[in-house]
Amino acid sequence: MAFNRADQLTKLNEPFDLCIIGGGATGAGVALDASLRGYRVLLIEKGDFASQTSSKSTKLVHGGVRYLEQAFKKLDWQQFKMVYKALHERRILLQNAPHLAHPLALLTPCYTWFDRIYYRIGMWVYDRIAGHTNLEPSRGLGPKQMRALSPALSSEHVRGGVLYFDGQLNDARYALAILQSAEAAGACVLNYAALCSFIHSPKSLKVKEVCFQDVISGESYQVAVKAVVNATGPFTDAIRSMANPKLRPRMKVSRGAHIVLPASFWPGETALLIPKTDDGRVIFVIPWRDYVLVGTTDEPDALRENPPILSEEIDYLLDYFNRYATGKASRSDVSATFVGQRPLLQAALDEAMASDTKSLVRDHEVEVDGRSKLLSIMGGKWTTYRVMASDTLDVLELEVFSRSPRACITANYSLSGGDESMREQFRVATKALGLAEATHQHLWETYGSNGFALLKGDLQLVHPDLPYINSEIEYLKQHEMATCWDDVLMRRWGLGLRNQRLCEEIKGIKKEAFAS
């Protein structure tokens with residue numbers, strides 16, 4: 001079947017072993033792993049896929065330099081384990097979808113000789129923990145080498161720096177590729193399907209049916225399932241309470257705010273890690289598709305679906321960017337802003353809601369409610385989505401299905417569009433059609449080997465200043481479940497996170513594309 005809503009809705013007459021609530025990275029990972037283990041899977045997402053935390057990240061595939069520093073300073077074994085897992089997952093994320101993820105060089109400037117030694121040792125340890133999965137060795141740099149790599153970096157008082165390597169990913173499209181792969185393996189996957197309630201067994205109180213509504217048509221569905229996985233990130237507690245009102249809250253929400261500037265403010269391909277701020281936070285300056293991403297903040301937040309950026313956050317990020325860059329940016333230069341909420345996990349017996357989210361571990365936990373048998377996968381981060389899914393399935397099989405876990409095979413499982421052997425053939429095809437290099441690059445880095453289907457349609461540009469072509473719009477509707485312009489601009493293309501003005505222009509030019 002094609003990856004569209006109409007075909008997915010026809011699958012609802014089938015029996016299901018497992019229902020997954022949540023269509024972000026975690027839910028997608030569980031759906032793929034479960035489908036490959038042979039389970040009949042239904043995944044429902046209240047909004048669009050990856051429309052919350054999973055599309056509003058800092059776009060990094062990383063172990064977490066800050067978490068490693070905390071692990072040593074506080075002798076925190078949990079922080080160290082989380083860094084270890086994430087570092088060993090980096091290469092897997094890059095290899096399974098090479099069109100959507102790639103290595104990224106990051107530069108850490110040092111302003112004292114002590115800092116040069118301190119950060120050099122820290123990055124050496126980072127490399128050692130990664131072991132044979134390391135992307136590339138870190139190295140120390142002198143001031144001249146720093147300027148050559150990052151000409152926009154202010155050289156005042158710079159004593160040198162350290163260059164190290166993590167990864168960068170197209171987060172929303174990576175989540176979509178996982179979901180497409182899960183669907184190809186047999187899963188039923190639905191966006192705009194809002195959970196309404198659970199129906200419990202009268203005797204055991206175990207969840208036996210899931211009730212949800214198609215947000216687009218308004219039609220309601222009641223589906224029998226053998227187990228339910230709650231993979232809703234920051235919204236985990238609401239689903240836990242729906243299954244069992246006696247469960248205590250476990251989640252703490254942290255906000256990550258970002259601003260986006262034109263690439264002219266930070267030319268080149270090397271990112272910047274600002275390891276020290278006045279309030280102890282870490283900020284990244286990251287080249288990102290003809291723009292530069294500056295973020296993130298880290299503050300406790302009230303749970304909500306679309307948190308706006310605060311005025312003081314824009315000022316904070318501009319201030320730190322201007323401290324390190326030669327070109328000074330102002331509010332008028334900001335082309336877009338976005339905020340993502342991170343799901344941080346508190347200890348089960350923690351009476352007080354901790355106020356310092358920077359100190360909470362980004363690791364995960366799988367909880368099984370003894371009454372409803374709801375499984376909740378809580379906490380975690382993008383880089384460890386696959387391990388989170390594997391742990392969830394292992395617990396599901398042991399504690400709910402009472403069987404030995406089947407093998408997880410997602411570590412070497414190429415995701416939809418990830419056939420790297422087709423890259424050169426695709427280049428030849430786009431060149432023969434006269435497509436510009438920018439369009440070729442956009443198509444491959446967005447669709448990968450699935451992009452050949454787009455070359456059969458209308459190749460005219462959607463907008464004269466952008467590489468998108470008209471054939472993409474119908475493809476996104478028919479093969480990627482895009483139902484409105486926000487689905488396309490915010491997540492399928494990601495332009496809404498980079499340039500909000502151009503998004504409004506596209507809506508004006510192509511307003512008939514999603515006319516009701």
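Positions are given from 1 along the sequence. Side chains are part of it too, since the values below use all heavy atoms of this structure and drop only hydrogens, waters and symmetry mates.
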Does K46, at its NZ atom, have more than 12 non-hydrogen atoms belonging to other residues, nucleotides or ligands within less than 6.0 Å?
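12 or below, so no.
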Enclosure of Y84 OH (heavy-atom neighbours >12, cutoff 6.0 Å):
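No, not enclosed.
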Output yes when a side-chain donor or acceptor of [X] lies under 3.5 Å from a complementary backbone atom of [Y], and no otherwise.
| X | Y | result |
| --- | --- | --- |
| R255 | Q341 | no |
| S181 | S416 | yes |
| N96 | T410 | yes |
| Q95 | A411 | yes |
| S54 | A25 | yes |
| W485 | K510 | yes |
| S471 | G457 | no |
| H479 | E474 | no |
| N191 | D48 | no |
| T10 | D7 | yes |

All pairs passing ring pair (Phe, Tyr, Trp, His ring centres under 6.0 Å) where residues 30-58 contributes a residue, at least two apart:
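Sorted result for residues 30-58: Y39-F401.
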Scan residues 233-256 for pairs that pass ring pair (Phe, Tyr, Trp, His ring centres under 6.0 Å), counting only residues two or more places apart or in two chains.
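Residue pairs with at least one partner in residues 233-256: there are none.
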Could you go through E504 and R501, starting from their C-alpha distance and side-chain angles, then the distance that decides it, and tell me whether this counts as salt bridge (Lys or Arg N to Asp or Glu O under 4.0 Å)?
CA-CA 5 Å; E504 293 306 313; R501 176 186 60 81; over 6 Å; no
Can you check side chain to side chain contact (heavy atoms under 4.5 Å, CB included) on R91 and H132, steps first, answer last?
CA-CA 10 Å; R91 185 176 289 277; H132 71 278; over 6 Å; no
Going by the salt bridge (Lys or Arg N to Asp or Glu O under 4.0 Å) test, which pairs reach into [range], not counting sequence neighbours?
| range | answer |
| --- | --- |
| residues 236-246 | D237-R240, R240-E367 |
| residues 187-206 | none |
| residues 382-406 | R37-D394, R37-E397, E89-R386, E397-R403, E397-R406 |
| residues 223-233 | D17-K226 |

May I have the step-by-step check of side chain to side chain contact (heavy atoms under 4.5 Å, CB included) for T383 and V61, ending in yes or no?
CA-CA 5 Å; T383 308; V61 183; 3.8 Å; yes
E219: partners by salt bridge (charged side-chain N to carboxylate O under 4.0 Å, His left out), with sequence neighbours left out:
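For E219, no residue satisfies salt bridge (charged side-chain N to carboxylate O under 4.0 Å, His left out) once neighbours in sequence are set aside.
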Applying salt bridge (Lys or Arg N to Asp or Glu O under 4.0 Å), run through D487 and K477 and close with a yes or a no.
CA-CA 10 Å; D487 294 348; K477 291 160 69 173; over 6 Å; no
Please list, chain by chain and in numerical order, all residues satisfying side-chain hydrogen bond (donor to acceptor under 3.5 Å, both in side chains) with [X], sequence neighbours excluded.
| X | answer |
| --- | --- |
| S35 | none |
| S57 | D171 |
| K85 | D363 |
| S217 | D214 |

Which value, rounded to the nearest 0.5 Å, describes the distance between [X] atom [atom1] and [Y] atom [atom2]?
| X | Y | atom1 | atom2 | result |
| --- | --- | --- | --- | --- |
| L18 | I20 | CG | CD1 | 4.5 Å |
| E299 | L310 | CD | CG | 9.5 Å |
| T337 | I259 | OG1 | CD1 | 9.0 Å |
| L36 | L32 | CG | CG | 4.5 Å |
| L476 | M481 | CG | CE | 13.0 Å |
| L393 | L398 | CG | CG | 11.0 Å |

For [X] versus [Y], what's the shortest heavy-atom pair and its separation?
| X | Y | answer |
| --- | --- | --- |
| P103 | L94 | N-CD2, 3.5 Å |
| A28 | I178 | O-CG2, 3.3 Å |
| A31 | L43 | CB-CD1, 3.9 Å |
| N499 | L502 | OD1-N, 3.0 Å |
| W493 | E472 | NE1-OE1, 2.9 Å |

With a 6.0 Å cut-off on ring centres, are W382 and Y385 close enough?
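W382 vs Y385: aromatic centres under 6.0 Å.
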For residues H442 and Y468, establish whether the separation of their ring centroids is below 6.0 Å.
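Yes, they do, as the ring centres are separated by less than 6.0 Å.
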Stacked cation flag R492 on Y447, 6.0 angstrom / 45 deg:
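Geometry flag: not set, cation outside 6.0 Å or 45°.
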Cation-pi, F16 ring and K11 (6.0 angstrom, 45 degrees):
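No - K11 does not lie over the ring of F16 by the 6.0 Å and 45° rule.
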Would T58 and H258 satisfy side chain to side chain donor-acceptor pair (under 3.5 Å), going step by step from the backbone distance to the final call?
CA-CA 8 Å; T58 313; H258 308 78; 2.9 Å; yes
Would you say the side chains of [X] and [Y] form a donor-acceptor pair under 3.5 Å?
| X | Y | value |
| --- | --- | --- |
| R90 | N134 | yes |
| D33 | Y413 | no |
| T446 | N170 | no |

Return all side-chain donor-acceptor pairs below 3.5 angstrom for residues 193-201, not counting sequence neighbours, or 'none' if the list is empty.
| unit_1 | atom_1 | unit_2 | atom_2 | d |
| --- | --- | --- | --- | --- |
| H200 | ND1 | L205 | O | 2.9 |
| S201 | OG | S204 | OG | 3.4 |

I286 vs K59, test: side chain to side chain contact (heavy atoms under 4.5 Å, CB included). Steps then yes/no.
CA-CA 9 Å; I286 303 173; K59 321 301 176 188; 5.8 Å; no
Can you list the steps and then say if Y221 with I44 is a side chain to side chain contact (heavy atoms under 4.5 Å, CB included)?
CA-CA 11 Å; Y221 296 88; I44 58 173; over 6 Å; no
Are R173 and E445 close enough, and set up right, to give a salt bridge (Lys or Arg N to Asp or Glu O under 4.0 Å), and what steps lead you there?
CA-CA 10 Å; R173 291 210 61 90; E445 292 181 356; over 6 Å; no
